[in-house]
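Chain naming here is simple, since letters A, B, ... match the order of the sequence lines and numbering starts at 1 in each. What you are looking at is a predicted structure, and each value in this text was computed from that prediction instead of being measured.
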Amino acid sequence: MQKNRKRSRRNRRVKQQTGSIFAVVFCIVIVLLMAVNILTPDKEMSPDEDRRLAGRPEFYWDSLVSGDYMEKYEVYLKDQFAGRDLLRNLRLTLNRLGGSREENGVLLGKGGQLLETIAIPEQESLTANLEAIEKFIKSHKNMTVSMMLVPDAANILNEELPALYSVTDQKRMIAQVKRELEESVNWIDVESILSKHADEEIYYKTDKHWTSLGAYYVFEESADQLGIRKSSAGKFATYPITATFNGNLSSRSGYKQNVKEVIDIYAQTEGDTDVVVNYVDEQRKTASLYDSSKLKNSNQYEVFLGGDTSVIDIKTVSENSDRLLVIKDSFANSFIPFLTPYYREIVVVDPKYYGGTIKDIMDTYRITDTLFLYGGNTFFQDNNISGVLSSGQ
Amino acid sequence: MKRKQRKRRDQTDMAAVNRSVSRAEIYKYIMAFALLLYIVLLLIYSSGSTKSFEEAAGNVEAGIQTDSLVKQNAQALKRHYGLNGADYEGAVLYMAEDSISVEEILMVKVKNDQQVHIIQDAVRDRVNSRKNSLENVSPEQVKLLDKARILVRGRFVFFAVSKNAQEYAELFTESL
Amino acid sequence: MLFSNISFIFIFLPVTVLVYLLASPKKKNTVLLTASLVFYAWGEPIYVVLLLLSAMFNYFCGQDIEDRRDNPVRAKKSLAFAIVINLLILGFFKYYALLMESVNAVSPAEIPYREFALPAGISFYMLRVLSYLIDIYRGEAGAQKRFVSFALYLTMFPTLPAGPVERYAELNVQLEKRMVSPQRFGNGAMLFVCGLAKKVVLADSLGIFQEQITGMQIGTFSMLTAWIGCAAFAFRLYFELSGFADMAAGLGRMFGFEFRRNFNYPYISRSVTEFWKRWNISVASWFHIYVYEPLGGDRTDSFRQMWNLLLLGILTGFWYGARWQFLWWGIYFGVLLSAERFVWGKLLVRLPKAVQHIYAVIVIFIGWAWFFSPDLGLALDYIGVMFGVGASGIADTQTLYFLISHWLLLVFCIVGSSSRGTAVLHSIIEVPQSLQGKKIAACVVYMIIFIVSLAFLVTGTGESGLIIQF
């Protein structure tokens, strides 16, 4: 009885006196963090997260009145918080301890394989895109239009998914698109090709894209369907162009940031490999399909064609006189090097960045074939295709 | 003597009490009126509208002088503002035929509130880039840019650069 | 601005505390009032004018009611006028859209209407205003002569965004006389840190978890998964609201105010009646004092009581949100309260305590389906899945995946929902033998909680949460 009373009195004293000490500790910590934040200069980019960090927002009266300035200021404070990378790692470690295998749309699979979660399409945009594609095909009846929808890793690498995870069925979504367009388009079944090689390194471990090996397999087994007659010009040798690649899935999620991967390029061994790569809107020309300046950034996948941009006009020295139009997302960037021996000209259009109409393209270039090449998630979340294809027709 | 003083004191007290009673009451009604006025002002100047984009835009487009301004297609929005029309409920853009003229009208209805800031930023960037390219070429055009009107009403965003910018802005607020 | 903003914790709070401590005692309330207006204007630049105008209006209304106290008829008229104007304003901003939507649903033509953003904290603010006016009318308090103190009562920033709703009669003394001490300041800071962790670590993580499940199409997930999703929301709502309540109480204490607890471990309740006394206590007791009691309370006959309980439920539901499904939530609880009082209350008490607890949890969690579903139909569909209708089985690997990938979070939820949570915390602090050691241990523990909260706050998704719709 006495002990209990003594203990509760002691507890109360602990509580009271802790208050005074914690008051001091709390104030010191807040002031210290404030000081550190004010004294450290603002950073422009975060290499770990592979994105630009918000700078101090510019002041405008209307953005103050609408509350926009305050919201931007809060984002600025968060992005520039001192020790942000440490705090991020703390949060991610705690989440992982708590069993989480998913962060910011990225799954942490077995064997260190990162996979992007499968996106569910927004029906309105999907229908609009499909209709636009059909209309495009109908208005160019003499041209072969091929379509490659590349399923994402989560749908092919079933063994690598986190334990017990139920993945959204992208195969069904792709089959639905195939059904819709089967009659008009030259459909290439990428899914079965990749499934055959599922136990090889056909997707990067830290990036959502397929590896050059994966692209190569698809090229080899779809060349006939694309109407390509393989010649001796189409012999390739692989060279690693970098061994320090850490992909976009890693920077988005914070998983496996220390892993370094190899990017291979497939170079033609025979024949003339000269190309002129014309970045039309930027009015810049280069002589290589690969932009080695991108190897200095965190997103090294951009070494292929320098990343995504509105229109790229590639002129080759191929004996073939066909001219190909590729409407694509970033997956195509590592596929196009396989096509350069077989087309005199390849016009590459990314609807996300292209502000013109398809009519402008068709009028400017004498296109003989068209290829749609998209990764599954990008295609099902896209609402730019219909804009490019339907306007100006 | 004392009773008279007390009576007078009581009378002045009563008068004081009566006076303070009416004062609170008067102020009460004044403040109620001020509240009403404020709400009316909000309605006129800052409320959004659930009107459909087609209806509101239709009213505005009817009043645009099409001899100098040309309606642009969806891709122009992307080219000049970096905005994808399909992201929003509705968007319409008018630009001048003449490439030197800065006359431009943009009207967008967004799907959610976050997008309002995206549009505002895009408009600001557009104004700045036009100013930069025309700074030494045509100072009158730059002045027009300075007087450009940007209005945000709920989920509608309206932007007009023109010598008639004020009329267009009023046309917009009326069509909500 | 919310308490979980960096700009609040590292800019607004230090500056306000500094100015407050340096100010003379007479000016302290003015400092707090100015800070509160800045706090509100940061998040609602246009509506801060509304706040000021309303405060001035109600100041004079309160004075007017008191002046007429000798004449009950005139006093009542004055009160009625004040209440009507206040409710019209609340009704306009919060319920106008609902009214127009309902009109459009039945009318042949679609009538477009003006849209307004909801002023933050308006629901809590209105309860506070009405409590002031009614308390003066009833003579339970005198009208506040100083405008600064009155405006402070209405708008003080700890209670502005999310309550608690303190009755004026209970707070008016503290407006003039309160004690700030390093001890209370530190205790307030500890409470604030706990609240912050509840919101940014627990509630926000639960939010992502819950939305993954409740966003799935009906028919694609199993019965047990549905229950997990519902539980995730239940905990999310609890930790977010009680987190904000803790932060409010902590901030108040830092400035010398003592507020009453707003949440008392509601999920350990063994009946709906008990839950109603442990959840959002200040709001529930507001409705009890100002609506239920005047209508007769427990003194009238059974039929009247049942009707009053139903009304209580409906009003509370509508107070939470301006959508029809909140109405259904209110009806649901109103019926349950009546049923417990008149139908199965006595039977319930005779059951073993564990069974009572399970009954209460099941019944309460089902109610939340109306909160997280976007509309009434989907709410009913979801509840259906919870009972096997339209479910893809009782349990599947997906259920197991959800449980395993959030096991620690769920453990924290269950432990943190009862006083066992604080007991665990205290036992960690008790580890060192000496008094000095215990104090250091306490500081270390709370600092760790603060740093972890910062990690989640700075690098998390930054969702404001559910609180913004009140």
If you take all heavy atoms of [X] and [Y], which pair is closest and at what distance?
X      : Y      : answer
C:P45  : A:S66  : CG-C, 4.4 Å
A:F22  : C:M190 : CD2-CG, 3.3 Å
A:K78  : C:L457 : CE-O, 3.4 Å
A:L33  : C:L454 : CD1-CD1, 3.7 Å
A:E102 : C:Y401 : OE1-OH, 3.7 Å

* **C:T459 and A:R91: side chain donor to acceptor below 3.5 Å** => yes

For [X], which atoms come within 4.5 Å of any heavy atom of chain A: side chain, backbone, both, or neither?
X      : value
C:Q212 : side chain
C:A41  : backbone
C:L403 : neither
C:I208 : neither
C:F402 : neither
C:V17  : neither

Interatomic distance, [X] atom [atom1] to [Y] atom [atom2] [nearest 0.5 angstrom]:
X      : Y      : atom1 : atom2 : value
C:K439 : A:T18  : NZ    : OG1   : 7.0 Å
C:S405 : A:L108 : OG    : CG    : 12.0 Å
C:M216 : A:I120 : CE    : CD1   : 9.5 Å

* Asked: Quick one: of A:V24, A:D85, A:I30, who has the most non-hydrogen atom pairs under 4.5 Å with chain C?
  -> A:I30

* To do: May I ask you to name which of A:S100, A:P162, A:G83 has the most heavy-atom pairs under 4.5 Å with chain C?
  => A:S100

* Asked: Considering residues, nucleotides and ligands other than A:K43, do more than 12 of their heavy atoms fall under 6.0 Å from its NZ?
  -> no

* Neighbour count above 12 (heavy atom, 6.0 Å) for A:L64 CG -> yes

* Asked: Looking only at atom types and distance, does a side-chain atom of A:E74 sit under 3.5 Å from a main-chain N or O of C:N5, one as donor and one as acceptor?
  -> no

* To do: State whether the side chain of C:Q398 and the backbone N or O of A:Y165 hold a donor-acceptor pair below 3.5 Å, judged by distance alone.
  => no

* To do: Indicate yes or no: at least one non-hydrogen side-chain atom of C:M447 is less than 4.5 angstrom from one of A:V29.
  => yes

What part of [X] gets closer than 4.5 Å to chain C, counting heavy atoms only: side chain, backbone, both or neither?
X     : result
A:L92 : neither
A:Y73 : side chain
A:N37 : neither

* Pair A:L94-C:F456, side chain to side chain contact (heavy atoms under 4.5 Å, CB included): steps then yes or no -> CA-CA 10 Å; A:L94 285 174; C:F456 276 78; 4.1 Å; yes

* Asked: Given C:F185 and A:F26, is the ring pair (Phe, Tyr, Trp, His ring centres under 6.0 Å) satisfied, shown in steps?
  -> CA-CA 10 Å; C:F185 187 90; A:F26 187 69; 7.1 Å; no

* Contact winner vs chain A - C:V458, C:L408, C:V201, heavy-atom pairs under 4.5 Å -> C:V458

* Output field: ring centroids A:F81/C:F10 closer than 6.0 Å -> yes

